[in-house]
2 protein chains.
Amino acid sequence: MARIENLNLSQRVTNELGKAIIAGVYGEGSGLPTEAQLCTEYGISRTAVREAVKMLAAKGLISSRPRQGIRVEPPENWNLYDTSVLGWMFESSPSLLVLKEFLQMRLAIEPQAAALAAKHGSPQAIAQIEVALNAMDNAAQTDGSIHQPDVEFHTAILLASGNRFFYQLRDFISTALNVSFQYTTNAKDSLQTIADEHRKIYQAIKNGEAERAKNMMAYLIDEAMAYIELKIAESELSA
Amino acid sequence: MARIENLNLSQRVTNELGKAIIAGVYGEGSGLPTEAQLCTEYGISRTAVREAVKMLAAKGLISSRPRQGIRVEPPENWNLYDTSVLGWMFESSPSLLVLKEFLQMRLAIEPQAAALAAKHGSPQAIAQIEVALNAMDNAAQTDGSIHQPDVEFHTAILLASGNRFFYQLRDFISTALNVSFQYTTNAKDSLQTIADEHRKIYQAIKNGEAERAKNMMAYLIDEAMAYIELKIAESELSA
DNA sequence: TTAAAAAATATTATATTACAATATGGGCAA
DNA sequence: TTGCCCATATTGTAATATAATATTTTTTAA
């Protein structure tokens with residue numbers, strides 16, 4: 001996705017409205033202002049407003065009909081796997097509970113992806129996993145940030161699964177990881193532990209041990225899940 | 001989704017172009033005709049063309065920039081979880097191999113969803129599963145179609161999981177099931193067997209047996225997977 | 001008085017035209 | 001040859017007009 005300052009007018013309006021809709025600014029039923037009102041509100045032409053409306057409709061957030069106006073669609077119709085929608089969600093809602101849902105998804109997807117990678121992964125795809133892994137090691141030893149290579153590691157496994165539906169979830173997983181990082185400690189000695197656990201997954205994939213790769217990945221994500229559930233319990237206690 | 005005849009102009013054009021793009025009519029790099037050409041080709045105004053372009057851009061299929069024109073995005077950027085995109089895919093590509101990818105996804109998602117439903121499913125949500133199940137039984141005994149209640153059964157479990165990301169995949173799963181039905185035999189005696197296997201899943205969920213629900217669901221999908229792999233082997237043999 | 005029909009109205013849908021912004025490629029000058 | 005500038009093609013934005021659609025109000029007739 002391009003930087004915000006590079007977006008054109010209708011894309012910027014799409015962003016604004018998308019965020020507002022997901023933040024619940026507009027009531028679900030009747031919903032948004034009319035096109036005319038939006039024009040004056042943003043000081044732009046109807047063309048730009050309509051294009052923004054069309055883009056949001058394509059993402060399942062709204063629908064518009066003559067005489068009725070523009071109304072917000074029920075949230076279960078929102079396309080949550082759209083990168084923009086996902087981003088807007090995290091900007092608006094407290095993320096611990098959403099993060100748990102993310103981890104449940106990761107627990108479903110990633111172990112299977114690892115197993116498929118072990119079974120069918122091409123040598124190049126598996127080499128790509130190793131590249132990311134080595135970058136993690138490097139970061140762990142040189143006190144650098146482990147985040148970027150961590151994301152690349154998981155993305156590379158999705159690609160190696162050979163299933164385009166899994167790989168399609170790379171933004172989803174990246175977002176989940178980015179949010180996770182905000183809650184995890186960065187104790188220096190634990191970085192190497194994390195890298196080592198990732199290496200076990202890699203070796204299982206490389207050796208074609210599907211079950212082992214699957215279990216190791218499940219273990220890794222389960223640890224994160226346990227940590228988040230602890231955090232949720234803490235926050236509920238203090239509330 | 002509304003019927004085609006009920007769609008407005010820009011939505012119809014979106015459909016036409018979407019299908020054409022996914023069918024590979026336009027080369028990936030340079031890509032589509034200019035807006036002006038599309039106008040004359042379809043005999044419509046630029047407004048309608050631009051709205052269609054914006055909707056396709058929102059689904060990740062294309063991008064457009066001044067002077068460069070409209071170009072097809074690489075397929076890994078297409079939003080495959082968009083219902084329209086999914087539909088266009090199945091209209092264009094031979095479905096057996098795609099179906100296998102679908103089943104791999106289902107094998108990742110649905111067992112986990114069943115486990116979550118067993119752990120956290122609300123009584124109403126679980127009752128909804130039973131409604132679908134009874135309809136399946138009915139269909140099996142009265143020689144009716146088992147398809148619709150089958151879809152509803154799986155959808156109800158996704159809903160009962162309490163995870164909105166799982167429930168969001170209901171259209172995805174439905175599409176996968178619909179395609180599967182085209183390949184499966186409808187031997188009357190096997191219908192009751194299928195219904196019985198579904199009932200085992202339901203009972204495990206109702207009793208809160210997460211692991212059992214998970215395993216039964218995995219078994220169910222694995223059977224479908226084995227069948228499809230057999231079909232794929234057959235078609236490769238004859239080719 | 002009530003119900004059906006018709007008219008008024010508000011809003012989105014489509015069309016048309018004009019101009020602005022932008023990036024590509026070619027030509028011109030140093 | 002290299003670098004700059006300008007012509008040009010294409011999308012981006014704007015403004016305005018008319019059509020389609022569905023709601024509300026009014027009118028009409030039983």
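Excluded from the calculations below are hydrogen atoms, water molecules and symmetry mates; all remaining heavy atoms, backbone and side chain alike, are included. So that the names make sense, note that chain A is the first sequence line, chain B the second, and so on, each numbered from 1.
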Less than 6.0 angstrom from the centroid, inside 45 degrees of the normal: does B/Arg170 satisfy that with respect to the ring of B/Tyr167? yes

Checking side-chain contact (heavy atoms from CB on, under 4.5 Å) for the pair B/Asn79/A/Asn79: CA distance, chi angles, key distance, verdict? CA-CA 9 Å; B/Asn79 188 347; A/Asn79 188 346; 3.0 Å; yes

Protein-to-nucleotide contact annotation, 5' to 3' order, nucleotides 9-15 of chain C [B base; S sugar-phosphate only; - none; under 4.0 Å, heavy atom]: BBBBBBB

Please list, chain by chain and in numerical order, all residues satisfying salt bridge (charged side-chain N to carboxylate O under 4.0 Å, His left out) with B/Asp171, sequence neighbours excluded.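 For B/Asp171 there are no salt bridge (charged side-chain N to carboxylate O under 4.0 Å, His left out) partners, ignoring immediate neighbours.
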
Hey, can you tell me if B/Phe165 and A/Phe102 have their rings parallel, tilted or perpendicular (30° and 60° cut-offs)?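 Geometry flag for A/Phe102 against B/Phe165: perpendicular rings.
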
So that I can tick it off, tell me whether B/Arg50 and B/Glu35 are bridged by a salt bridge, with the cut-off set at under 4.0 angstrom between side-chain N and carboxylate O.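 Here B/Glu35 pairs with B/Arg50 in a salt bridge, since their nearest N and O are under 4.0 Å apart.
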
